[in-house]
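Okay, structure first, notes after.
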Amino acid sequence: QVQLVESGGGLVQAGGSLRLSCAASGSISNINAMGWYRQAPGKQRELVATIFRTSSTNYADSVKGRFTISRDNAKNTVYLQMNSLKPEDTAVYYCNIKGWPRDYWGQGTQVTVSS
């Protein structure tokens with residue numbers, strides 16, 4: 001059975017950095033993209049960053065220049081490096097894999113940025 005295990009969340013001061021990791025176990029077929037979403041209290045879940053099969057990437061405007069998504073295919077792991085963190089980055093962050101015949105989600109990891 002496929003499982004996604006997230007780590008790296010925590011509490012950090014504004015201007016600090018965190019690196020999120022999402023390690024996948026089990027057999028996942030036909031991966032089209034891997035990405036990170038986040039959801040703050042009272043807000044809808046939003047797409048933060050995506051890395052595609054071609055290794056091209058997309059970022060939400062709010063994080064461009066500060067966040068970097070990457071992957072290690074040998075380790076079946078996707079990362080999100082978050083620099084220059086702001087209080088508005090506070091949210092639960094979710095790893096997502098677009099595969100076949102279904103999508104997969106991590107359990108979520110809390111990121112809290114203090115002012």
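Note that these values count all heavy atoms, side chains included, but never hydrogens, waters or copies made by symmetry. Just so it is clear, the model here is predicted, and its values are computed rather than measured.
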Would you tabulate the side-chain donor-acceptor contacts of residues 57-64 under 3.5 Å, counting partners in other chains and residues two or more places apart, or write 'none'?
residue : atom : partner : partner atom : Å
Y59     : OH   : I69     : N            : 2.9
D61     : OD1  : K64     : NZ           : 3.1
S62     : OG   : R38     : NH2          : 3.3

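For CD of Q13, the number of neighbouring non-hydrogen atoms (other residues, nucleotides, ligands) closer than 6.0 Å is 12 at most.
With sequence neighbours excluded, the residues that form a ring pair (Phe, Tyr, Trp, His ring centres under 6.0 Å) with Y37 are W105. A search for side chain to side chain donor-acceptor pair (under 3.5 Å) contacts involving T68 returns nothing, not counting sequence neighbours.
Considering every non-hydrogen atom in both A33 and T50, the closest pair reads CB-CG2, 3.9 Å. For the pair P87 and A14, the tightest heavy-atom approach, listed with the atom from each and the gap, is CD-CB, 4.2 Å. The two residues I97 and A24 come nearest to each other via the heavy atoms CD1-CB, 4.1 Å. Scanning all heavy atoms of the two residues, the minimum distance from E6 to G106 falls at OE2-CA, 3.6 Å. Of all heavy-atom pairs between G108 and V92, the closest is CA-CG1, 3.8 Å. Nearest heavy-atom pair across I31 and R53 is O-NH2, 2.7 Å.
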Just do the side-chain contact (heavy atoms from CB on, under 4.5 Å) check on T90 and E88 with the steps written out, would you? CA-CA 5 Å; T90 295; E88 50 263 44; over 6 Å; no

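The structure places OG of S84 at 7.0 Å from CZ of R66, a figure rounded to the nearest 0.5 Å. Note that CD of Q107 is 8.0 Å distant from SG of C22, once rounded to the nearest 0.5 Å. In this structure, OG in S25 is found 7.5 Å from CG in L4, a value given to the nearest 0.5 Å. Distance CG/L11 to CG/L18: 9.0 Å, rounded to 0.5 Å. The distance from atom CD of Q3 to atom CD of Q1, rounded to the nearest 0.5 Å, is 6.0 Å. Atom CE of residue M82 and atom CG of residue L20 lie 4.0 Å apart, to the nearest 0.5 angstrom.
Residues S21 and K75 fail the side-chain proximity criterion, which asks for heavy atoms closer than 4.5 Å. Q81 places none of its side-chain heavy atoms less than 4.5 Å from the side chain of F67.
For the 3.5 Å distance criterion, the side chains of D72 and T77 fail to qualify, holding no donor opposite an acceptor.
Hydrophobic clustering of Ile, Leu, Val, Met, Phe, Trp and Tyr side chains at less than 4.5 Å, counting indirect connections, keeps Y94 apart from M34. Grouping the Ile, Leu, Val, Met, Phe, Trp and Tyr side chains by contacts below 4.5 angstrom, directly or via other members, places V111 with V78.
Checking side-chain atoms of R71 against main-chain N and O of F52 turns up a donor-acceptor pair under 3.5 Å.
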